[in-house]
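To start, the structure under review is shown below, and the notes come after it.
Numbered from 1 within each chain, the chains take letters A, B, ... in sequence-line order.
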There are 2 protein chains.
Amino acid sequence: MAEKQLKERIIETALKLFERYGYHGVTVDRIVTECNASKGGFYHNFKSKDELLYHIHDVFITYVLNKAQEAYVKYKTPTERLCAIIQSFVKVFDLYKPHITVFYQESTYLKPEYSEKINEKREQFKQVIFQVIREGIEAGEFRSELPVEITGMSIIGMINWTYKWYKPHGSMTIEEIAKVFTDLILHSLLTEQAKQKEEISAFFLKNFSHS
Amino acid sequence: MAEKQLKERIIETALKLFERYGYHGVTVDRIVTECNASKGGFYHNFKSKDELLYHIHDVFITYVLNKAQEAYVKYKTPTERLCAIIQSFVKVFDLYKPHITVFYQESTYLKPEYSEKINEKREQFKQVIFQVIREGIEAGEFRSELPVEITGMSIIGMINWTYKWYKPHGSMTIEEIAKVFTDLILHSLLTEQAKQKEEISAFFLKNFSHS
DNA sequence: GACATCAGACCGACTAGTTGGTCTGTTATT
DNA sequence: AATAACAGACCAACTAGTCGGTCTGATGTC
């Protein structure tokens, strides 16, 4: 099939419009007009405008959560895990920028039934991060004076905020940005011993040096 | 005057409602009902619902920008300036949590005439931060390999994100949270020499140690 | 000090426009 | 022929904003 499916076209168009004008700044009429569809076509594919919003949320959070869990399983030390999660998380901005914008701007407007499901996955994602930090402290790789939750939310916030300013095709690639983030975060978490330790600093330098 | 002025009551009520239900989730009718006012009273005080939204934005960004500029003037070294800005910025969350939530959630819906004014101040605020980082690098206090803009946006993002999870009257005071942020940021910015240097590390320890 | 005048704060029924969602009909597909 | 995919006119509900009117208090005048 050469033509894209209607559902896909609707989602793409909605995403583009929501990102720019906000969920409430875009009417269903506008979405269907802009992708050469109709009200009927829209409501054949979605139960409601809310369901479309949910769908967008779900695609993104599901992806991010999976990536984080994969990274957790793939690596074994807290530092490596953290780096891998950061890297994959940041890279999502190239793939899902519009999703992310909608996710963080419009989640207020999700109907309770939907937001419950989304929040569950969101919570799981946070827990993966907290877990890594906790293990890092226990292993002596991360500074023990750091409170896990706040540190975790700092990292998440720092990365999430990217959606407010990141422009794909800008002067810096997403990989370069990811490196800066990793560098900043490792500098603030690692203990002096960990920075010295061979294997950790080797991993650190190999992947994230500026030289 | 024992009774609060209507305009103030409207703003407070709107803030509370917007924070919870979002700008589009709250009707003018609901605002006026909830604060025992009327449509007439509302439109006597505001040209439009949009103007109310603008007003909320402006109060917050004006305050934050002033605080940052004050901090810049008051201190002389980049490290001190940065710490002071972070501290005052984070503390705003106790004062203006609802404003901030509205600011970051609903700015999409500001009419162009309004958003232009807001963005100007927003840009100024960013520039203060960038400036401090730039000066810190030049002075040898901050690591020279850090790109100014990204580092600045990391700091801003990390702090801003607080609005998503901070609960006043929670288990940690805003001052404690501010200290953690400062600690994380200084660890990621300061050069090894700066960490050693007496006056800087003294300032660092005096204000932000965990002991 | 009593009264007329007036301005500004506030009220609330009403309107005009908008928007999500429905319903009936048409077209493609197997 | 039967079903799924889609079209588009239509509807009902909602909501920002309006407009004529009321109430209160200040000011000036005799």
Problem - Gap between atoms CG and P, on A/Leu17 and C/dG20 respectively (whole Å) - result: 12 Å
Completion exercise
Value for CG (A/Leu184) from CG (B/Leu146), rounded to nearest 0.5 Å, stands at 5.5 Å
Completion exercise
Output for pair (B/Ile177 CD1, B/Tyr166 OH), nearest 0.5 Å, gives 5.5 Å
Completion exercise
Its 5'-most and 3'-most nucleotides having an atom under 4.0 Å from a non-hydrogen atom of chain A, DNA chain D is contacted over D/dA5 to D/dA9
Practice task
Answer yes or no for A/Lys67 and A/Tyr72: cation-pi contact, defined as NZ/CZ to six-membered ring centre under 6.0 Å and angle to ring axis within 45°.
Solution key: no
Practice task
Using modelled atom types only, decide if a donor and an acceptor are shared between the side chain of A/Gln105 and the backbone of B/Gln105 within a distance under 3.5 Å.
Solution key: yes
Exercise for the section: Please state whether the phosphate of C/dA9, meaning OP1 or OP2, lies under 4.0 angstrom from any side-chain nitrogen or oxygen of B/His44. Expected result: yes
Exercise for the section: Could you pull out all residues at least two apart from B/Asn160 that satisfy side chain to side chain donor-acceptor pair (under 3.5 Å)? Expected result: B/Tyr104
Handout entry: For atom NZ of A/Lys47 and atom C1' of C/dG20, their distance in whole Å
Key = 15 Å
Fill in the blank from the handout: Ordered by number, residues from residues 27-42 of chain A within less than 4.0 Å of DNA chain C (heavy atoms) are A/Thr27, A/Val28, A/Lys39
Problem - Any donor-acceptor pair under 3.5 Å from A/Glu135 side chain to A/Val132 backbone - result: no
Enumerate donor-acceptor pairs with a distance under 3.5 Å from any side-chain N or O in residues 110-120 of chain A to protein atoms, sequence neighbours excluded.
| from | atom 1 | to | atom 2 | distance (Å) |
| --- | --- | --- | --- | --- |
| A/Lys111 | NZ | A/Asp50 | OD1 | 3.3 |
| A/Lys111 | NZ | A/Asp50 | OD2 | 3.1 |
| A/Ser115 | OG | A/Pro112 | O | 3.2 |
| A/Asn119 | ND2 | A/Ser115 | O | 3.2 |

Practice task
Give a yes or no answer on whether the side chain of A/Asn36 reaches the backbone of A/Val32 with a donor-acceptor pair at less than 3.5 Å.
Solution key: no
Got a list of protein N/O to nucleotides 28-30 of chain C N/O distances below 3.5 Å?
none

Problem - Length of the line joining A/Tyr23:OH and C/dT19:P, which is rounded to integer Å - result: 13 Å
Exercise for the section: Not counting sequence neighbours, which residues clear side chain to side chain donor-acceptor pair (under 3.5 Å) with B/Asp58? List them please. Expected result: B/Thr62, B/Lys121
Problem - Rounded distance (nearest 0.5 Å) linking atom CZ of B/Arg143 with atom OG of B/Ser188 - result: 7.0 Å
